[in-house]
Amino acid sequence: DRVIIYMPLVPEAIIAMHGCARIGAIHSVVFGGFSALSLRDRIEDAGARFVITADGGYRGGKVVELKSATDKALSEGAATVEKVIVLRHTALEVPMHAGRDLWWHDAVKGRSAQCEPAWVDAEHPLFLLYTSGSTGKPKGIQHSSAGYLLGAKLTSKWVFDLKPQDVFWCTADVGWITGHSYVAYGPLANGVTVVLYEGAPTFPDAGRFWKIIQDHQVSIFYTAPTAIRALMKLGDHIPAGYDLTSLRLLGSVGEPINPEAWMWYHRVIGGESCPIVDTWWQTETGAIMISPVPGVTSTKPGSCTRPLPGIDVDVVDEDGNPVKGTEAGGYLVIKKPWPSMLRTIWRDNERYIETYWQRFRNRYYVAGDSTHRDADGCYWIMGRIDDVLNVAGHRLGTMEIESALVAHHRIAEAAVVGRPHDVKGESVFAFVVCKGDRPTGDTRALVEELRAWVAEQLGAIAKPDDIRFADNLPKTRSGKIMRRLLRTIARGDEITQDISTLENPGIVDQLRGKS
Ligand code: 7RM
């Protein structure tokens with residue numbers, strides 16, 4: 001059976017995950033920031049019989065209505081769901097559907113705290129986690145019971161140098177892989193205390209992280225570059241107001257960390273005495289692949305340094321041939337299997353093979369990132385090679401956002417690209433073609449309507465920061481959208497590409513917002 005967990009970041013979310021693992025049911029956590037429609041799609045793909053949710057969750061002082069989103073998802077499909085378990089967490093009044101919904105506190109009442117584990121095969125699926133790729137449909141990444149847990153446990157121990165007295169805080173939500181491997185599974189499998197927090201880094205104020213570290217004597221802190229950059233912007237005086245001397249190790253994950261943010265993290269948060277582990281890995285890899293080992297590897301700001309023991313990483317060219325020499329640039333591949341690797345894409349093994357293996361004739365696992373390896377053998381991740389954006393550490397497919405936009409009654413065509421953003425790393429930039437005439441003049445109301453539409457379809461994290469209207473999208477003769485041109489335009493850079501083949505060169509000014 002598959003169980004969907006759609007909850008805020010509260011202990012019960014982890015209890016629900018471990019509970020599923022205990023009875024051999026496959027869990028699939030859906031991030032609470034995803035919309036009802038995204039939830040419905042995941043329930044349907046997983047064929048889930050149960051949903052565990054809460055009346056609501058807290059985010060930045062507001063209540064996120066998880067139960068009402070669940071109700072909406074179930075009223076528009078998701079017919080496989082038999083029961084919904086609801087945790088009472090906020091004061092929000094929620095309707096309960098007789099026969100389908102039951103309260104968590106009623107479900108556990110009178111039950112024993114002991115539960116014999118269901119013994120499963122090592123390869124029994126532990127969980128599915130949906131992640132974005134280069135098509136409009138998220139993929140259910142399938143992880144195994146034994147290999148995954150081994151990877152999460154061992155990398156936690158090696159990379160974070162865990163000791164029994166540590167207080168470990170990874171700020172990720174359990175809706176992402178980081179929250180699976182380094183909140184729910186890895187540190188706890190090592191018997192270490194973890195900190196959970198529900199909310200946002202700047203609510204009720206910008207000292208939230210630093211106060212939690214001080215109050216709970218956090219010794220190891222693991223967060224994303226986007227959060228570091230956002231807090232760095234607010235000034236050194238904020239962390240200076242807190243006692244951060246309990247920290248002994250800092251980690252970074254989710255996107256490349258720029259050297260300036262690395263140095264600030266090291267100086268202001270780490271007091272120049274904490275090593276920083278910049279950890280490269282993916283939903284698919286299950287656990288950290290490339291990272292310094294504290295006390296062993298010398299670090300360089302901006303590089304995730306070297307592969308962990310047993311991880312056979314290489315750089316290959318367009319044809320899949322390893323680039324000769326230590327210094328190399330190209331595609332990042334992993335040449336041998338590792339315990340926590342994904343086993344397949346749920347119900348779509350063909351897509352699994354095609355996405356991760358076929359590009360280089362099934363010889364290597366293709367990570368989808370490009371990289372540079374320097375003369376010392378250290379890796380510098382350059383970014384994605386597919387149409388996947390990394391917005392504030394969240395993985396979003398451009399096709400998913402495009403599909404959401406064209407589902408709006410006024411939109412005929414859409415192309416989404418990423419634009420560099422100083423805090424979020426990347427922001428969503430959409431070029432759209434309307435049915436009928438191109439809107440001109442004051443388009444703000446339509447832009448807001450489309451942003452709200454995308455939030456409803458996918459979730460607020462996918463909302464475009466910019467939307468521009470044109471009569472057409474720029475295409476090659478074979479009909480492919482010229483994404484590189486659109487990226488140049490989104491950045492506001494000078495166009496150096498050849499645009500002589502464009503059927504309607506006049507659209508370039510429209511795309512640039514100049515006419
Ligand atoms: C853990 C996670 C995976 C993608 C990956 C990269 C990027 C992640 C780093 C990084 C540079 C890092 N899983 N990425 N970590 N890039 N340095 N330390 O984020 O599946 O959500 O995303 O994130 O592009 O392919 S994920």
Side-chain angles (χ1 to χ4, degrees), residues 29 31 33-34 127-134 138-143 148 151-152 155-156 159 170-186 222-229 250-259 261-262 265 276-292 297 299-308 311 313 331-334 340-342 345 355-356 365-373 378-398 400 418 420 424-426 461-462:
V29 183
F31 174 55
F34 279 130
F127 65 85
L128 311 176
L129 184 60
Y130 285 85
T131 191
S132 298
S134 37
K139 341 172 236 201
I141 302 300
Q142 181 181 318
H143 279 290
Y148 170 79
T155 55
S156 295
V159 173
C170 165
T171 63
D173 190 280
V174 288
W176 309 104
I177 191 68
T178 308
H180 281 62
S181 304
Y182 302 105
V183 180
Y185 286 109
Y222 188 35
T223 195
T226 185
I228 299 168
R229 287 191 298 262
L250 301 173
S252 170
V253 60
E255 49 173 320
I257 178 165
N258 48 309
W262 195 103
Y265 200 28
I276 295 178
V277 289
D278 175 359
T279 63
W280 178 88
W281 60 294
Q282 305 177 297
T283 305
E284 293 87 341
T285 68
I288 297 168
M289 297 279 108
I290 312 179
S291 167
T297 318
T299 56
K300 299 181 189 190
S303 167
C304 52
T305 73
R306 295 154 191 284
L308 291 180
I311 306 302
V313 170
Y331 301 99
L332 182 68
V333 298
I334 307 176
S340 63
M341 71 189 293
L342 77 167
I345 293 174
T355 308
Y356 302 107
Y365 168 82
V366 185
D369 279 336
S370 67
T371 189
H372 171 78
R373 185 173 57 208
C378 286
Y379 286 81
W380 302 72
I381 307 298
M382 311 308 287
R384 300 288 305 187
I385 55 169
D386 51 12
D387 296 317
V388 171
L389 306 182
N390 194 328
V391 178
H394 296 144
R395 200 166 141 174
L396 297 170
T398 55
E400 282 174 74
K424 295 194 279 191
E426 256 182 317
I461 50 172

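The structure displayed is predicted, hence computed values, not measured ones. Numbering of ligands and ligand atoms starts at 1, following listing order. Values reported hereafter were calculated over all heavy atoms of this structure, with side chains retained and with hydrogens, waters and symmetry mates removed.
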Exercise. Glu255 and salt bridge (Lys or Arg N to Asp or Glu O under 4.0 Å): which partner among Arg384, Arg229, Lys424, Arg395?
Worked result: Arg229
Seminar exercise, completed: Contacts of Tyr356 meeting side-chain hydrogen bond (donor to acceptor under 3.5 Å, both in side chains) (sequence neighbours excluded), chain-then-number -> Lys139, Glu284
Exercise. Would Thr279 and Tyr222 count as having a side-chain donor-acceptor pair, cut-off 3.5 Å?
Worked result: yes
For this session: Over all heavy atoms of both residues, which pair between Leu396 and Ile461 is shortest? Give the atoms and the distance, please.
Result: CD1-O, 3.6 Å
Exercise. Cut-off 3.5 Å, side chains only: do Tyr148 and Ser181 have a donor facing an acceptor?
Worked result: yes
Problem set entry | Contact check, side chains of Thr398 and Leu389, non-hydrogen atoms, under 4.5 Å | yes
For this session: Would you check ligand 1 and list the protein residues that come within less than 4.0 Å of it by any heavy atom, ordered by chain and number?
Result: Ile177, Thr178, Val253, Gly254, Glu255, Pro256, Asp278, Thr279, Trp280, Trp281, Gln282, Thr283, Asp369, Ile381, Arg384, Asn390, Arg395
